[in-house]
Trainee: 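The structure's right below; bear with me while I get my questions together.
Naming convention: chains lettered A, B, ... in sequence-line order (proteins, then strands); numbering from 1 in each chain.
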Protein chains: 2
Amino acid sequence: MARVRLQDVAEHAGVSMKTVSNVVNDYPHVSPTTRSQVLASIEALGYRPNATARRLATGRTGTLALAVSDVSLPYFAELASSISRLATSRGYRLLLEQTGESVEAERAVLLGGESGLVDGIIFQPSHIALDDLARYTTATPVVLLGEGDAPEGVDTVMIDNTAAAREITEHLLHLGRRRVAFVGHEAHGLSATSRQRLSGFEAALRDAGAQVDPALLLATDAISPEAAEHAVGAALDSGLRFDAAFCRDDLAALGTLSALRRRGVRVPDDVAVTGWDDVTLTRFSNPTLTTVHPDLDHLARSAMDLLEERVGGYRGPGRHVVAPHSISVRESAPSA
Amino acid sequence: MARVRLQDVAEHAGVSMKTVSNVVNDYPHVSPTTRSQVLASIEALGYRPNATARRLATGRTGTLALAVSDVSLPYFAELASSISRLATSRGYRLLLEQTGESVEAERAVLLGGESGLVDGIIFQPSHIALDDLARYTTATPVVLLGEGDAPEGVDTVMIDNTAAAREITEHLLHLGRRRVAFVGHEAHGLSATSRQRLSGFEAALRDAGAQVDPALLLATDAISPEAAEHAVGAALDSGLRFDAAFCRDDLAALGTLSALRRRGVRVPDDVAVTGWDDVTLTRFSNPTLTTVHPDLDHLARSAMDLLEERVGGYRGPGRHVVAPHSISVRESAPSA
DNA sequence: TTGAAAGCGCTAACAG
DNA sequence: CTGTTAGCGCTTTCAA
């Protein structure tokens with residue numbers, strides 16, 4: 001499959017490489033005759049420009065990276081879908097990186113492995129520490145997603161986790177619930193995400209004069225519905241009682257619903273349940289799920305905007321966009 | 001951020017570019033002294049090899065593309081996660097492409113836009129026609145996923161859809177169900193996927209002497225739980241009755257469960273429901289979902305194997321791997 | 001074991 | 001409006 005090069009097209013058309021290049025890149029100043037001639041040659045030879053060579057020559061890769069822990073998690077899947085669409089519409093390709101549960105992998109994202117491969121990175125860190133983040137910041141523009149502190153000089157986009165946590169807890173309190181469990185934070189090594197949600201949760205309880213019972217903080221050893229089901233199940237079996245469950249995310253909520261159902265506990269009658277992320281399936285669970293709705297569109301768009309500015313050469317201080325959120329009220333914790 | 005080049009390292013270390021290159025690429029024949037010297041210089045200057053330049057020089061990109069319609073769909077999300085992990089473990093990066101509902105986009109995947117960007121493509125087509133597929137096959141190695149016919153010479157990996165459809169239909173028949181609806185195929189322009197599942201479905205019904213009632217083929221105008229909920233809801237409201245629903249995929253099944261629940265129809269007592277794909281959430285729906293379980297691991301691994309052989313230069317005829325499947329029996333259509 | 005130099009395919013000054 | 005030419009940063013014969 002001898003590849004056809006710009007050179008070959010030039011010869012075939014009897015013009016210079018520059019002219020072919022001009023045609024390929026839709027340069028304005030090419031005579032119509034020449035243009036059609038060149039186009040004919042391109043067609044005849046089946047020429048396709050080599051993206052790699054172009055990259056090397058221009059220095060722009062036209063590629064962005066999205067790094068999340070695991071795209072099989074519905075929230076990240078929806079985020080990836082959204083970012084991918086946006087990237088395409090703005091003329092970028094999208095490289096997908098999964099960091100799993102490994103801090104190493106998160107570091108590698110920042111170090112960029114081999115650099116020069118992408119113009120910028122949209123990165124939702126899960127486990128890496130703040131100072132690590134700061135240390136590994138490289139020349140490649142980065143926008144941080146999710147929550148947690150960010151090193152100075154780095155752009156971030158996130159919803160106000162603490163406020164959202166407070167709101168959805170208040171929603172539970174308005175329902176008259178007083179023994180509210182928190183489900184799904186990490187048993188060891190609390191993530192920034194969990195920390196913020198917990199903090200809003202506790203603040204709301206305190207403000208309402210409700211008790212914050214440490215026994216009601218049900219940690220899990222994984223971010224998964226299975227782990228949540230297990231944790232909630234074990235708690236119930238040990239005799240623990242509560243009338244509401246604030247779940248760290250929709251997946252934990254799904255596991256919680258499952259644990260409750262298997263034990264004949266009615267939702268929302270006996271226990272009201274809330275999730276976080278408002279992924280599609282929350283509208284199809286049984287019961288449907290009350291959950292925090294982040295404005296994913298706004299989030300994705302902001303991230304792309306900030307990143308494009310950095311790619312475009314912006315060198316200023318870190319910007320911090322707070323994306324809007326709302327509470328999607330459904331059956332698992334209806335309106336009062 | 002003046003980039004550090006191989007050249008710079010060479011000068012700093014007082015050796016030639018070739019030597020630095022040798023060190024960077026772990027070439028065997030470099031004297032330990034030289035090596036450590038070079039490594040020191042690399043460290044000192046903070047050198048990172050430029051991937052693009054390397055690509056241009058070697059011709060290998062070290063990148064694979066995965067093209068699916070939409071990664072926010074759970075099955076594709078789980079597929080992408082799996083393929084991404086595999087790709088990483090084999091030393092590739094993964095470019096994510098979403099084709100949405102557009103045949104154009106699917107063509108573009110094959111044409112490769114600008115080529116030379118990836119070594120190979122794993123592609124699950126949704127809408128493109130067979131002859132289109134054949135016409136647009138290019139120099140870039142491709143492995144086709146999903147179902148449907150493939151042009152000669154192209155590698156494919158899929159489960160035996162027709163057989164799986166037959167099996168899960170038989171499961172429903174063993175439960176004594178006789179009026180089985182089919183939910184979720186396209187109203188216009190049946191996809192190859194739907195066609196095969198329908199054909200296995202109908203074959204099983206016929207073999208059992210059950211009736212194939214055209215009124216029970218509930219098409220939807222999108223591949224989504226909403227669309228399925230709508231279609232099933234409309235059918236029920238119009239007085240249509242059935243005792244089982246074979247859903248084209250898990251999302252359609254979720255929508256079906258929802259429609260049934262809203263109308264007080266009990267699952268599985270009144271209507272048994274089955275899905276397809278066995279995505280994570282099927283274990284947490286209420287009721288949990290009986291569904292076709294494709295061996296995703298086998299599927300992903302096979303696709304990678306075939307692709308790597310092609311990338312490695314294999315030019316033989318198309319291979320066709322049939323990945324194993326099974327039926328995951330859960331509450332929505334329990335064992336007889 | 002290491003060095004010199006010729007590309008990989010394209011872009012972009014700079015001339016013409 | 002079009003041609004010439006020098007890189008982009010790395011790999012890779014071929015010599016030394």
Trainee: Just distance, no hydrogens or angles: give the donor-acceptor pairs under 3.5 Å from side chains in residues 7-14 of chain B, sequence neighbours left out.
Mentor:
{"unit_1": "B:D8", "atom_1": "OD1", "unit_2": "B:R5", "atom_2": "NH2", "d": "3.1"}
{"unit_1": "B:D8", "atom_1": "OD2", "unit_2": "B:R5", "atom_2": "N", "d": "2.7"}

Trainee: Could you work out how much the helix from C:dT1-D:dA16 to C:dG16-D:dC1 bends, comparing the axis of its first five pairs with that of its last five, to 10°?
Mentor: 30°
Trainee: Quick one: salt bridge (charged side-chain N to carboxylate O under 4.0 Å, His left out) pairs with a partner in residues 294-303 of chain B, sequence neighbours left out?
Mentor: B:D297-B:R301
Trainee: Can you list the residues that meet the side chain to side chain contact (heavy atoms under 4.5 Å, CB included) rule with B:A77, with sequence neighbours excluded?
Mentor: A:A77
Trainee: Quick one: list whatever passes side chain to side chain contact (heavy atoms under 4.5 Å, CB included) with B:S21, sequence neighbours left out.
Mentor: B:L6, B:N25
Trainee: At a heavy-atom distance below 4.0 Å, which nucleotide of DNA chain D is the first touched by chain A, and which is the last?
Mentor: D:dC1 to D:dG9
Trainee: Sort and list the pairs that fulfil salt bridge (charged side-chain N to carboxylate O under 4.0 Å, His left out) and have at least one residue in residues 118-127 of chain A, not counting sequence neighbours.
Mentor: A:R60-A:D119
Trainee: I would like to know whether A:E106 and A:S126 meet side chain to side chain contact (heavy atoms under 4.5 Å, CB included); could you show each step before the answer?
Mentor: CA-CA 8 Å; A:E106 298 193 23; A:S126 293; 3.5 Å; yes
Trainee: With sequence neighbours left out, write down each residue that passes side chain to side chain contact (heavy atoms under 4.5 Å, CB included) with B:V103, or none if nothing qualifies.
Mentor: B:R107, B:H127, B:I128, B:D132
Trainee: Between B:R319 and B:E309 (salt bridge meaning N to carboxylate O under 4.0 Å), is one present in this structure?
Mentor: yes
Trainee: Strictly below 4.0 Å, heavy-atom distances to any atom of DNA chain D: list the hits from residues 6-14 of chain B, or just say none.
Mentor: B:L6
Trainee: Side chain to side chain contact (heavy atoms under 4.5 Å, CB included) with A:S31: which residues, sequence neighbours excluded?
Mentor: A:T33, A:T34
Trainee: Can you pull the salt bridge (charged side-chain N to carboxylate O under 4.0 Å, His left out) pairs that have at least one residue in residues 21-43 of chain A, sequence neighbours excluded?
Mentor: none
Trainee: Just the endpoints, please: which first and last nucleotides of DNA chain C, 5' to 3', lie under 4.0 Å from a heavy atom of chain B?
Mentor: C:dT1 to C:dG9
